[in-house]
Structures are given as C-alpha cells and as structure tokens.
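For reference, the structure discussed in these notes is given below.
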Amino acid sequence: MASRPRRYALRPQDLLAAGGIARERHMDLIGIYHSHPDCAACFSPTDLRNSYPWYSFVVLSIQKGEFHHANSWLPNIEQTEATREELIY
Ligand SMILES: [Zn+2]
C-alpha cells in the first residue's frame, strides 16, 4: 500500500497569535518545527513554498516512530532556497 504525503498547515492567524503570546512573555518567536515521518529532515519544496523567511524551520526526522535527526533551515526572502543552519541539540 502506497503512503500518501502528509502535510501540515500553519494558519497566519495562529502564527500571529503565537507571536503575541511570546511577546507577552517577553520572548521572541524565532522558529517553527514539524516532523517528517520515515523521511529525512530535508526542507521540501512544499516546506519552502509555505515558509516565512524571517523564521527558522526545524524539521525532525522520525524513523519508525522514534526521533532520528533534525535540521534547521532558514528560507531566503524570495523563498527560492533555504540555508541549513547550525542546530545544536
Ligand atoms: Zn516538511
């Protein structure tokens, strides 16, 4: 049985709300994370298309239900490519 691609959606109003909550707590919202089940922690074309250039995007690779590795990506302003950032965990 072929598996369908799984996607997440982040509504702009939820992102704004999260930023407001962070500011109330004197914090900055600097990034967003999501996971790739049974797939590498790459930044897919869909991830790039749905990104926001001023946030870091941490992608977790989950292999057979267990954390495997993670990468952090910073999209450029045109959302044409993303640079891999150093991620220490
Ligand atoms: Zn992704």
Side-chain angles (χ1 to χ4, degrees):
M1 183 167 89
S3 64
R4 294 181 305 153
R6 290 169 259 185
R7 298 220 160 87
Y8 79 99
L10 181 59
R11 298 183 312 173
Q13 61 266 38
D14 292 337
L15 190 55
L16 284 172
I21 291 168
R23 280 190 298 282
E24 286 173 10
R25 296 177 182 180
H26 306 285
M27 301 170 76
D28 292 316
L29 180 63
I30 60 169
I32 300 159
Y33 78 92
H34 68 280
S35 62
H36 285 180
D38 299 319
C39 187
C42 62
F43 205 57
S44 73
T46 302
D47 290 336
L48 186 58
R49 192 169 41 255
N50 296 332
S51 68
Y52 298 88
W54 47 92
Y55 292 116
S56 293
F57 285 80
V58 174
V59 181
L60 308 176
S61 172
I62 307 298
Q63 303 286 334
K64 297 179 181 172
E66 300 286 332
F67 172 79
H68 188 266
H69 67 281
N71 287 314
S72 183
W73 303 93
L74 184 63
N76 66 357
I77 198 77
E78 298 85 10
Q79 293 174 259
T80 55
E81 61 184 333
T83 303
R84 192 167 138 191
E85 303 177 299
E86 181 180 14
L87 180 63
I88 300 169
Y89 57 90

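Note that ligands are numbered from 1 as they come in the structure, with each ligand's atoms numbered from 1 the same way. Numbering starts at 1 and runs along the sequence shown.
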Take Asn50 and Thr46 through the test side chain to side chain donor-acceptor pair (under 3.5 Å) and record every step on the way to the result. CA-CA 6 Å; Asn50 296 332; Thr46 302; 5.7 Å; no
Donor-acceptor under 3.5 Å (His36 side chain, Val59 main chain): no
Can any side-chain N or O of Glu81 pair as donor or acceptor with the backbone N or O of Pro75 at less than 3.5 Å? no
Side chain to side chain contact (heavy atoms under 4.5 Å, CB included) involving Ala82 - partner list, sequence neighbours excluded: Phe43, Leu48, Trp73
How far apart are the closest heavy atoms of Tyr55 and Gly31, and which atoms are they? CD2-N, 4.0 Å
Let's test this: below 2.8 Å, count the protein N/O/S atoms around the Zn ion (ligand 1). 4
Test item: Leu10 and His34 side chains (from C-beta on) under 4.5 Å apart, heavy atoms: no
